[in-house]
Amino acid sequence: MPKLTYSLTIGALPASSDLIEAIRRIEVETHIGLASMVRIRFATGLSSDGGSWSVLDDAGFDRLTKLSVKVQCGSGSSTLINAQVIEVRPMLTAKPRESYVDVIAMDATVSMNLEHKVRPWANMSDSSIASMIFAEHGLKPVVDTTQPVHQESDVVTMQRGGDAQFLRRLAARNGFEMYVAADPLLGIDEGHFHAPKVDGTPQGVLTVGAGSEANVDSFELRHDLLRPAKVSAPGLDWRTLQSQAASVDQTALTRLGASPESDRRSLRASGSGLSETGELQGFAQSLADRAAWAVSCEGEIAGVTYGDVIRPGLPINVRGAGTSFSGTYYVERVLHVISGDGYKQKFTLKRNALGVRLTDTFVETGAVSV
């Protein structure tokens, strides 16, 4: 069975052996819709002269100190997160070995929201804006191209707020994801602004309820029968004062199952701030795509049993969940927990259809074969 090891870097240097020894628990939460976070709990104790507390007074967890957590499971290693310290929470007691210090850090989106900005983005598409903002923060852009390119003589996209906040608004109107993630092999931070990558090769296989073959400890499903929607998005062209309209009756994303939803509620979108039919159509499509994620699940695996790190923003295959709920899912969130009890990964998955497709082969590409 693969063995798990991990490392912690503070600033540009590996954490000292004393600091590693003081770690009680590490939680790394990676997400495609929210900022990724790391929470590290250190044991702390009063010095012999009673003047200071270990870790709290000597570890140097200052504002925006950079942290990096990497794990190695089996033959491969993966950077889970690069983050910056945003909070320190000491819990000091008179009882021996019960005091601790929690250090909380957030990915690069924290520095992207430190400054409230008001600035115009003339003659640029949303994707060009995203690439430029990511580059300003030292992130490698992973960006899908968008249209149109607004001309300064016509429409100027205005930013009012932090960079990450602004990019999330642009992503939402394009049906995109916007998040920061560390490249697992290179360790560098990437800025993601693109449609969900549902067409990639599944990163592994989760096996549910199959006795000794199972690598999933728990798997809780939810099928929201009222979620799928057909969307209309009316608007008014400010130049011609002519009404504009757009409508979408199904998702444009690849369906991750054999049986799409047939019945849909009607949703009338408003408040988009868009006036052209083409942009309204894209906005309506983004809402229909988001509503199509009607199946979701939360589960937990023992990391060394699975044999690899699950990554958000990629597909993964599930087998053993019955004819309706087995198949390909999209990973939305992963919580990595490293403690004295071992290594666990708690995940949230979603999909936009039921059943198994003929193309679903359930081949383990990263996980240990079961």
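Just so it is clear, the values below take in all heavy atoms, side chains as well, and ignore hydrogens, waters and symmetry mates.
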Query raised in the report: What heavy-atom pair brings Ala246 and Gln281 nearest, and what distance separates the two atoms?
Result: CB-OE1, 3.1 Å
Query - Approximate separation, where rounding is to 0.5 Å, of Leu139 CG and Ile188 CD1 - result: 9.5 Å
Query - Note, Thr348 side chain near Cys297 side chain (heavy atom, < 4.5 Å) - result: no
Query raised in the report: Under the side-chain hydrogen bond (donor to acceptor under 3.5 Å, both in side chains) criterion, do Ser125 and Ser128 qualify, and how do the steps go?
Result: CA-CA 5 Å; Ser125 64; Ser128 298; 3.0 Å; yes
Query raised in the report: With a 4.5 Å heavy-atom cut-off, do Val55 and Leu19 have their side chains touching?
Result: yes
Requested in this report: Mind checking the OG1-CE spacing from Thr146 to Met124? Nearest 0.5 Å is all I need.
Outcome: 10.0 Å
Query raised in the report: Got a sec: does the CE of Met158 have more than 12 other heavy atoms crowding it under 6.0 Å?
Result: yes
Requested in this report: I would like to know whether Ile133 and Met112 meet side-chain contact (heavy atoms from CB on, under 4.5 Å); could you show each step before the answer?
Outcome: CA-CA 9 Å; Ile133 289 177; Met112 295 175 69; 4.0 Å; yes
Query - Arg173 and Asp126, any side-chain heavy atoms less than 4.5 Å apart - result: yes
Requested in this report: Give the cluster check for Ile338 versus Ile10: same hydrophobic cluster or not, with ILVMFWY residues linked at side-chain heavy-atom distances below 4.5 Å.
Outcome: yes
Query raised in the report: Are Val88 and Ile40 grouped together when hydrophobic residues (ILVMFWY) are joined by side-chain heavy atoms under 4.5 angstrom apart?
Result: yes
**Report entry** Close side-chain approach of Leu349 and Val318, heavy atoms under 4.5 Å
**Finding:** yes
Requested in this report: Grab the two heavy atoms, one from Ile26 and one from Tyr6, that are nearest each other, plus how far apart they are.
Outcome: CD1-CE1, 3.5 Å
Requested in this report: Output all residues satisfying side chain to side chain contact (heavy atoms under 4.5 Å, CB included) with Leu185, sequence neighbours left out; order by chain, then residue number.
Outcome: Asp183
Report summary line: Heavy-atom closest pair (Val334 atom, Ile310 atom, distance to 0.1 Å) is CG2-O, 3.6 Å
Requested in this report: Would you confirm whether Arg169, through its side chain, and Gln159, through its main-chain N or O, come within 3.5 Å as a donor-acceptor pair?
Outcome: no
Query raised in the report: Would Arg222 and Glu220 satisfy salt bridge (Lys or Arg N to Asp or Glu O under 4.0 Å), going step by step from the backbone distance to the final call?
Result: CA-CA 7 Å; Arg222 180 187 179 192; Glu220 181 180 358; over 6 Å; no
Requested in this report: Side-chain contact test, heavy atoms from C-beta onward, threshold under 4.5 Å: evaluate it for His223 versus Arg351 and give yes or no.
Outcome: no
Report summary line: The reported gap from CG in Leu256 to OG1 in Thr359 (rounded to nearest 0.5 angstrom) is 9.5 Å
Report summary line: Between Ala321 and Phe219, the two heavy atoms sitting closest are CB-CE2, 4.2 Å
Report task. Would you sort out whether Trp293 and Glu332 count as a side-chain contact (heavy atoms from CB on, under 4.5 Å), showing the intermediate values? Result -> CA-CA 11 Å; Trp293 297 110; Glu332 182 177 39; over 6 Å; no
Query raised in the report: Is a donor on one side and an acceptor on the other found under 3.5 Å between the side chain of Ser286 and the backbone of Ala172?
Result: yes
Requested in this report: Take the angle between the ring planes of Phe166 and Trp121 and call it parallel below 30°, perpendicular above 60°, tilted in between.
Outcome: parallel
Query raised in the report: Run the side-chain hydrogen bond (donor to acceptor under 3.5 Å, both in side chains) check on Thr251 and Asn352 step by step: do they pass?
Result: CA-CA 9 Å; Thr251 180; Asn352 53 12; 4.5 Å; no
Query raised in the report: Would you say the side chain of Met91 lies within less than 4.5 Å of the side chain of Ser99, judging by non-hydrogen atoms?
Result: no
Report task. Please report the C-alpha distance between Thr328 and Asn317 in whole Å, then the side-chain angles of each, then the deciding distance to 0.1 Å, and finally whether the side-chain hydrogen bond (donor to acceptor under 3.5 Å, both in side chains) criterion is met. Result -> CA-CA 4 Å; Thr328 302; Asn317 279 342; 2.7 Å; yes
Report task. Taking atom types as modelled, find out whether Gln250 and Arg255 have a side-chain donor-acceptor pair closer than 3.5 angstrom. Result -> yes
**Report entry** Under the salt bridge (charged side-chain N to carboxylate O under 4.0 Å, His left out) test, residues paired with Glu29 that sit two or more places apart
**Finding:** Arg39, Arg333
Query raised in the report: Under 4.5 Å between any side-chain heavy atoms of Arg89 and Val101, yes or no?
Result: no
Report task. Please identify each residue that fulfils side-chain hydrogen bond (donor to acceptor under 3.5 Å, both in side chains) with Glu190, with sequence neighbours left out. Result -> His192
**Report entry** Cluster check Leu335, Val309: I/L/V/M/F/W/Y, side chain < 4.5 angstrom
**Finding:** no
Query raised in the report: Between atom CG of Leu206 and atom CD1 of Ile301, what is the distance when rounded to the nearest 0.5 Å?
Result: 6.0 Å
Requested in this report: Among residues two or more places apart or on two chains, list those pairs meeting salt bridge (charged side-chain N to carboxylate O under 4.0 Å, His left out) that have a residue in residues 102-123.
Outcome: Arg41-Asp102, Lys117-Asp163, Arg119-Glu136, Arg119-Asp163
Query - Taking every non-hydrogen atom, the tightest pair across Gly327 and Asp360 - result: CA-OD2, 4.1 Å
Query raised in the report: Are side-chain N/O atoms of Arg319 and Ser326 paired as donor and acceptor at under 3.5 Å?
Result: no
Report task. Report the distance from atom CG of Leu34 to atom CE of Met106, rounding to the nearest 0.5 Å. Result -> 9.5 Å
Query raised in the report: When you look at NZ of Lys350, are more than 12 heavy atoms from neighbouring residues, nucleotides or ligands closer to it than 6.0 Å?
Result: yes
Query raised in the report: Are any side-chain N or O atoms of Asn113 and backbone N or O atoms of Gln165, one a donor and one an acceptor, separated by less than 3.5 Å?
Result: yes
Query - Connected via hydrophobic side-chain network under 4.5 Å: Ile23 and Val103 - result: yes
Requested in this report: Please check if Leu8 and Val38 belong to a single hydrophobic cluster, counting links between Ile, Leu, Val, Met, Phe, Trp and Tyr side chain heavy atoms closer than 4.5 Å.
Outcome: yes
**Report entry** Test side-chain contact (heavy atoms from CB on, under 4.5 Å) applied to Glu177 and Phe193, step by step
**Finding:** CA-CA 6 Å; Glu177 300 166 343; Phe193 184 89; over 6 Å; no
Query - Side-chain (Thr44) to main-chain (Ser54) donor-acceptor, under 3.5 angstrom - result: yes
Report task. Give a yes-or-no answer on whether the side chains of Asp49 and Ser47 include a donor-acceptor pair shorter than 3.5 Å. Result -> yes
Report task. Give a yes or no on whether the backbone of Lys197 and the side-chain of Tyr330 come within a donor-acceptor separation of less than 3.5 Å. Result -> yes
Query raised in the report: To the nearest 0.5 Å, how far apart are CZ in Arg63 and CD in Glu87?
Result: 13.5 Å
Query - Expected output: side-chain Ser339 to main-chain Asp341 donor-acceptor under 3.5 Å - result: yes
Query raised in the report: Has the side chain of Glu298 got a donor or acceptor atom that lies under 3.5 Å from a matching backbone atom of Lys346?
Result: no
Requested in this report: For residues Thr30 and Tyr179, determine if any side-chain heavy atom of one lies less than 4.5 Å from a side-chain heavy atom of the other.
Outcome: no
Query raised in the report: Taking it one step at a time, do Phe134 and Leu167 satisfy side-chain contact (heavy atoms from CB on, under 4.5 Å)?
Result: CA-CA 10 Å; Phe134 286 145; Leu167 286 184; 3.7 Å; yes
Query raised in the report: Which pair of heavy atoms, one from Arg265 and one from Ala291, lies closest together, and at what distance?
Result: NH2-CB, 4.2 Å
Query raised in the report: Looking at residues at least two apart in the chain, or sitting in another chain, which of them share a ring pair (Phe, Tyr, Trp, His ring centres under 6.0 Å) with Tyr329?
Result: none
Report summary line: Here the ring-ring contact (aromatic ring centres under 6.0 Å, His included) pairs for residues 11-54, sequence neighbours left out, are Phe42-Phe61
